[in-house]
Amino acid sequence: MTTTSPAGAPPAPRPAGPPPGRTARLIAALGPHATVLRGAGGLLTLIGALLPWATFVLNKGPYPDKATLQYFVAPFGVTGFRWQLLLFGIAALVLALAPVPARGRLLRGLAWGIIGIAVVNGLFITVEGGGLGAITVTDGSVACGAVVTLLAGVLVELGARAGGIEPRPVWTWRFGPWVERAVLVVVYVLMLFVVAATLTSGGTGGAANRYSGAVFLSFLAALGGAFAALHASGLMTWVATVAERHRVFSVLVLLAMALALPLTAAGNEYWMTVAANIGVYAATAIGLNIVVGLAGLLDLGYVAFLGIGAFVAANLSGAAAAKFDVHLPFALVMVISAVIAGMFGAVVGSPTLRVRGDYLAIVTLAFGEIFVRTAQNNIFGLTGGSNAIPGIPQVELFGTRFSDRIAVAGIQLPAGVLYYLLIVFLVAIVMLVFSHLKESRLGRAWIAIREDEDAARAMGIRTGPIKIMAFLCGATLAGFAGAFFAHKTGTVSYESFRFTESVTLIAAVILGGMGTVPGAVLGASLLFVLPEKLREFADYRLLLFGLALILIMRFRPQGLVPDRHRRAELARDPADEPPPGGSTAGSRAEVAA
Amino acid sequence: MSAPSAAPEAGRTGGGPILAAAGVTMQFGGLRALGDVSFDLMEGQIIGLIGPNGAGKTTLFNCLTGLYAPTSGSVSLRGERLPQDPALVTEKGIARTFQNIRLFPSMTAEENVLVGRHVRMKQSPLSSLLHGPKFKRSEAAARVRSGELLNFVGLGRFSDELARNLPYGDQRRLEIARALATDPSVLLLDEPTAGMNAQETEATRQLIFAIRDLGISVVVIEHDTKFIFTLCDRVLVLVQGELLVEGGPDEVRGDPRVVEAYLGAPPEEVEARLYSSAAVDESPGGAHRKEDGP
Ligand SMILES: Nc1ncnc2c1ncn2[C@@H]1O[C@H](COP(=O)(O)OP(=O)(O)OP(=O)(O)O)[C@@H](O)[C@H]1O
Ligand SMILES: [Mg+2]
């Protein structure tokens with residue numbers, strides 16, 4: 001290692017530890033200019049929002065009014081990502097000047113939102129416009145919005161780091177119970193609108209709207225930045241603790257919000273169908289979360305249980321292609337599907353007594369493959385083979401078919417809303433089952449096995465039956481969801497239960513946060529909305545999907561909604577608080593005496 | 001100090017040994033880790049188990065708890081032969097801690113102890129699902145008991161702390177609390193003071209006495225001979241898998257065979273070591289480390 005200090009000069013005093021890297025030195029050098037950087041970044045964001053972004057005017061596709069890049073050119077049409085950037089810019093300016101707690105942390109969230117918006121839209125225009133000329137200079141027209149905004153985002157980030165990243169503040173405000181509940185209601189209503197906006201942003205996509213994917217991704221970037229900033233402010237943690245204090249109330253309001261989704265912008269048939277599908281996978285993911293998240297058993301063939309539930313329901317529903325000529329009521333079908341899927345779960349779970357870890361994953365993988373092959377071959381005439389089982393009748397209640405449009409109190413609700421409401425209730429039940437099991441002797445035994453199987457055995461846990469219980473419970477929930485799936489889609493084919501679905505479900509559980517209910521729901525929502533939204537990227541869809549996964553796992557390895565304990569742990573910044581009882585062992589010595 | 005409410009359930013035999021190992025032999029391929037080890041643990045006794053590294057102490061614990069199936073010999077609790085399954089052995093009333101701490105790291109201290117209650121709780125799968133009044137009662141009782149045990153080992157304040165965040169010494173105490181939660185009649189402690197300072201070691205000694213006073217018989221593995229000789233009613237010396245000497249602390253301390261075999265050094269030097277609190281384990285590059293390894 002060579003020294004760079006000039007000869008004769010005394011070596012500069014260095015703090016202990018590894019020498020700072022180049023970035024760290026740059027940040028340190030920028031220290032005194034933090035406010036300037038932050039302010040400049042904010043200002044530049046505003047400018048970027050108002051500049052033209054594309055030098056091209058593209059005109060192709062069946063819908064000329066939409067199929068242009070006009071959206072990105074028009075400098076004064078402050079819509080879409082432009083107004084998001086304006087908000088971010090103003091927020092950055094305010095934070096640069098006003099002494100808000102933890103503003104460095106807040107600014108970082110904003111910076112990454114700005115960078116995300118710039119990158120998504122910039123990339124999209126570059127690809128559509130055929131080269132970097134599309135976002136810089138071509139044929140005399142200049143459009144540097146993307147570049148300026150990217151620069152602005154980088155400046156804000158540098159400014160935030162130069163000024164120092166403070167620990168996340170912890171708010172301990174307490175208000176009267178009704179004030180707190182009112183706050184919660186406001187937060188949940190906002191959440192409902194955010195969900196509706198996320199679902200509908202960019203429209204339905206496909207050939208009709210070539211921008212849909214880019215608009216959606218850009219919106220996600222803005223949302224991510226906004227959430228990061230909110231989280232940095234400590235407000236989200238505060239809301240979470242308030243919600244913990246009013247747990248039952250929170251659950252009820254959240255349920256009401258879920259039921260109110262059809263009344264928002266997302267209230268049309270298309271989004272109701274998407275939301276119902278998300279519900280199916282959310283319920284399935286919660287079931288898988290028992291096996292993977294709680295008991296720590298990797299199951300790579302889990303979607304087969306959803307399939308078993310769906311095929312059982314299809315065969316009992318009176319469809320023409322069904323094996324049995326019976327038409328049982330939906331509630332009964334659901335129970336039977338769940339029970340049969342659960343039985344298969346116990347059977348598949350039994351090899352867990354003999355194999356561990358990777359070997360178990362292979363056994364479950366094999367089971368998943370066997371299921372798909374046998375279903376493809378129409379085993380015992382139960383699965384319809386490649387013809388599938390079509391024509392499964394709609395669920396009916398009091399003569400109303402669940403696929404019909406209905407009107408409640410004069411409000412016309414979209415078709416499919418009844419299925420949506422039904423799946424909301426089913427998911428709620430599945431959530432309740434999961435959290436009840438988790439907070440019981442059985443649930444603790446699962447977690448103990450996940451943490452240390454030998455120690456669990458030494459504590460008297462009979463790991464064999466307990467593991468089989470995990471498979472049984474998980475499969476039962478999946479079978480439950482499968483019955484709904486069969487009726488909702490009307491056709492059950494083996495194609496819906498391939499390996500990729502199992503992998504996506506695992507990804508949903510890990511992405512959302514192992515062992516938590518909201519995590520599984522959020523993960524399932526993301527993983528099943530993203531493909532829907534990125535339809536027009538056909539070829540890049542899986543690539544983007546993988547990229548998103550990698551990014552999330554890189555920056556949030558504990559998942560989007562970490563476990564309660566991990567949350568508690570994260571809430572406490574290890575840097576500013578010594579580990580508990582570090583030197584108190586002596587003072588407690590006499591306690592045991 | 002609040003003591004946990006009750007000593008283990010009834011069914012004691014008067015007079016006889018509570019735990020008896022008879023001719024326990026453990027062969028790992030060509031390695032004879034335990035050769036014909038027999039001993040009796042009387043009720044309310046604290047037995048110390050010492051021996052050089054690799055002598056087979058941990059292996060003996062593993063045989064007693066059903067983790068290993070001995071090649072020959074038998075282990076019985078109150079005259080009843082023990083099954084070959086750690087879970088069942090724990091249910092019968094033997095609990096243990098591990099030499100290298102094996103808590104459930106991402107569970108809280110309280111949850112770790114609650115897992116220990118597993119065998120003493122009754123919750124049907126259905127009641128776990130419905131959380132009815134009976135379930136709530138059983139859960140509340142388990143939490144009360146866990147709280148008592150955490151207080152008993154001096155960790156009451158840390159019940160909501162993640163096990164992995166606790167300091168080393170507290171983790172060892174938590175492991176003891178978790179083992180006690182199974183309502184054992186015999187407790188096996190594998191090097192409970194390893195890595196502790198003098199103060200913590202003393203607290204652990206008091207803790208073990210308190211456990212004995214609850215009517216629980218204890219077997220302690222420890223390299224710190226001073227600790228063992230001042231704690232135990234009886235001491236077993238295991239060398240290369242053979243039970244070399246067995247007797248009261250004073251008897252064992254003075255036995256030339258122990259001095260010879262255990263430390264392999266001239267008696268004067270050994271005396272000095274036996275009475276220094278530094279564990280043999282800690283002597284760097286000691287000539288007696290793993291000399292009998294495979
Ligand atoms: N599962 C196993 N397979 C093979 N050999 C083993 C196994 N377990 C222990 N041994 C061997 O048995 C011998 C006794 O090991 P054991 O761990 O019981 O010693 P110990 O007295 O506890 O030593 P220490 O003081 O270091 O803890 C060692 O030689 C060890 O390598
Ligand atoms: Mg050992």
Side-chain angles (χ1 to χ4, degrees), chain A residues 296 429 432-466 469 472-473 476 514-515 558 562-566 568-569 572 574 577-593, chain B residues 1 65 67 85-88 90-91 95-96 98 102-108 111 114-119 121 123 125 127-131 135 138-139 142 151-158 160-162 165-167 169-170 173 178-179 181-182 196-197 199-200 202-204 206-207 209-210:
Chain A
I429 290 172
L432 192 73
V433 166
F434 180 92
S435 54
H436 271 191
L437 286 177
K438 187 179 171 190
E439 305 279 322
S440 75
R441 171 180 179 267
L442 186 60
R444 286 189 296 266
W446 284 332
I447 299 174
I449 290 174
R450 178 190 77 195
E451 299 274 293
D452 187 333
E453 188 165 344
D454 290 324
R457 284 205 299 159
M459 286 302 112
I461 292 170
R462 298 189 205 186
T463 50
I466 299 277
M469 272 306 280
L472 193 150
C473 293
T476 305
M514 296 261 264
Q558 70 275 37
D563 208 0
R564 177 168 49 89
H565 304 327
R566 306 203 59 172
E569 194 182 9
R572 194 185 52 240
E577 201 183 309
S583 57
T584 54
S587 61
R588 264 177 290 117
E590 65 275 19
V591 180
Chain B
M1 181 190 100
T65 53
L67 196 62
D85 179 337
L88 297 181
T90 306
E91 208 173 312
R96 72 173 295 178
F98 293 89
R102 298 190 63 174
L103 288 166
F104 306 118
S106 39
M107 295 174 98
T108 63
E111 283 168 338
L114 282 173
V115 171
R117 289 304 294 163
H118 183 88
V119 282
M121 289 174 81
Q123 286 177 3
S127 73
S128 305
L129 209 59
L130 300 178
H131 282 205
F135 171 91
S138 110
E139 201 72 357
N151 284 332
F152 179 66
V153 300
L155 292 178
R157 288 187 295 145
F158 298 122
D160 288 332
E161 199 63 47
L162 290 194
N165 291 345
L166 291 175
D170 287 347
R173 292 158 166 278
R178 185 181 68 173
T182 65
M196 286 187 176
N197 61 28
Q199 237 175 358
E200 290 172 314
E202 178 53 28
T204 306
Q206 299 305 333
L207 179 61
F209 281 140

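Naming: A, B, ... by sequence-line order, numbering from 1 per chain. Model, not experiment: these values are computed from the prediction.
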Quiz item: Tell me, side chain or backbone of F135(B) under 4.5 Å from chain A's heavy atoms, or both, or neither?
Solution: side chain
Quiz item: Under a 4.5 Å heavy-atom cut-off, does chain A meet the side chain of R178(B), its backbone, both or neither?
Solution: both
Practice problem: Examine distances only and state if a side-chain atom of H131(B) and a backbone atom of H436(A) form a donor-acceptor pair shorter than 3.5 Å. | Solution: yes
Exercise. Applying side chain to side chain contact (heavy atoms under 4.5 Å, CB included), run through L442(A) and Q123(B) and close with a yes or a no.
Key: CA-CA 8 Å; L442(A) 186 60; Q123(B) 286 177 3; over 6 Å; no
Quiz item: After noting the C-alpha distance and the side-chain angles of L88(B) and R462(A), does the key distance pass the side chain to side chain contact (heavy atoms under 4.5 Å, CB included) rule?
Solution: CA-CA 8 Å; L88(B) 297 181; R462(A) 298 189 205 186; 3.6 Å; yes
Quiz item: Under the side chain to side chain donor-acceptor pair (under 3.5 Å) test, which residues partner R457(A), sequence neighbours left out?
Solution: none
Practice problem: Between chain A and each of A179(B), A142(B), P105(B), P125(B), count heavy-atom pairs under 4.5 Å; write down the option with the most. | Solution: P105(B)
Quiz item: Would you say R444(A) and R117(B) make side-chain contact, with heavy atoms under 4.5 Å?
Solution: no
Quiz item: Atom CG in L129(B), atom OG in S440(A): separation rounded to 0.5 Å?
Solution: 9.0 Å
Self-check item: Salt-bridge contact E139(B)-R441(A) (side-chain N to carboxylate O under 4.0 Å)
Solution: no
Self-check item: Heavy-atom closest contact (A455(A) atom, F104(B) atom, distance)
Solution: CB-CE2, 3.9 Å
Quiz prompt | Set of residues satisfying side chain to side chain donor-acceptor pair (under 3.5 Å) with respect to R102(B), sequence neighbours excluded | solution = D452(A), D454(A)
Quiz item: For T65(B), is it the side chain, the backbone, both, or neither that has a heavy atom closer than 4.5 Å to a heavy atom of chain A?
Solution: neither
Quiz item: Any sub-3.5 Å donor-acceptor pair from E451(A)'s side-chain atoms to S106(B)'s backbone N or O?
Solution: yes
Quiz item: Side chain, backbone, both or neither: which part of I449(A) has an atom under 4.5 Å from a heavy atom of chain B?
Solution: neither
Exercise. Compare all side-chain heavy atoms of M459(A) with those of V119(B) and state whether any distance is below 4.5 angstrom.
Key: no
Quiz item: Taking T90(B) for the side chain and A458(A) for the main chain, is one N or O donor matched with an acceptor at less than 3.5 Å?
Solution: yes
Quiz item: Can you say whether L130(B) sits under 4.5 Å from chain A via the side chain, the backbone, both, or neither, judging by heavy atoms?
Solution: backbone
